[in-house]
Amino acid sequence: MNFITETDRIYATDNTGKIIAEVTFPTKDGISTIDHTYVDNSLRGQGIAGELVKLVADKILAEGNKIGATCAYAVAWFKRHPEYNVVYFGPAACRINK
């Protein structure tokens, strides 16, 4: 799958341009907070969401930012991957980006 990377979003589209996978991560004060992960029903169970979160985590760290997560999927993923140092989970991360 070919992912398109933007400043605060990584996503993929199908051949009609419909978004079929997406993760967003706005940044404020050096903390990029993963706040949304979406995978189309046709792709579920294939590890796409996990691949997206890993891509984002690696991008955030490569840019020298810290990681936050409010998206339920991302929070669960980071709990399974303690090698990534997540600064804020859940509501605390929401407050950071307001």
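Start at 1 with the first residue, then count along the sequence.
Linking Ile, Leu, Val, Met, Phe, Trp and Tyr residues whenever their side-chain heavy atoms come within less than 4.5 Å places Val56 and Tyr73 in a single cluster. Tracing side-chain contacts under 4.5 Å through hydrophobic residues (I, L, V, M, F, W, Y), one never reaches Leu55 starting from Tyr11; they form parts of separate clusters. Note: the hydrophobic cluster containing Ile10 does not contain Tyr38 (ILVMFWY, side chain heavy atoms under 4.5 Å, direct or indirect links).
The heavy-atom pair separating Val53 from Trp77 by the smallest distance is CG1-CE3, 3.4 Å. When all heavy atoms of Ile60 and Ile34 are compared, the pair lying nearest together is CD1-CG1, 4.3 Å. Contact record, Met1 with Ala21: SD-CB, 4.5 Å, taken as the closest heavy-atom pair.
Contacts classified as side chain to side chain donor-acceptor pair (under 3.5 Å) and involving residues 60-69 (residues at least two apart or in different chains) are given here: Lys59-Glu63.
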Report task. Please lay out, stage by stage, how Leu61 and Ile67 fare under the test side-chain contact (heavy atoms from CB on, under 4.5 Å). Result -> CA-CA 8 Å; Leu61 294 175; Ile67 300 169; 3.9 Å; yes

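Between the side chain of Arg44 and the backbone N or O of Val39 there is at least one donor-acceptor pair closer than 3.5 Å. Distance alone, capped at 3.5 Å, places no donor-acceptor pair between the Asp40 side chain and the Leu43 backbone.
Relative orientation of the Phe78 and Tyr84 rings is perpendicular, given thresholds of 30° and 60° on the angle between their planes.
In summary, Arg9 and Glu6 engage in a salt bridge, as defined by a charged side-chain N under 4.0 Å from a carboxylate O.
Under the 4.5 Å side-chain criterion, counting only non-hydrogen atoms from C-beta, Phe25 is not in contact with His36.
Side-chain atoms of Thr33 and Asp35 form no donor-acceptor pair, as typed in the model, at a separation below 3.5 Å.
If you take OG on Ser32 and CG on Asp8, they are separated by 9.0 Å, rounding to the nearest 0.5 Å.
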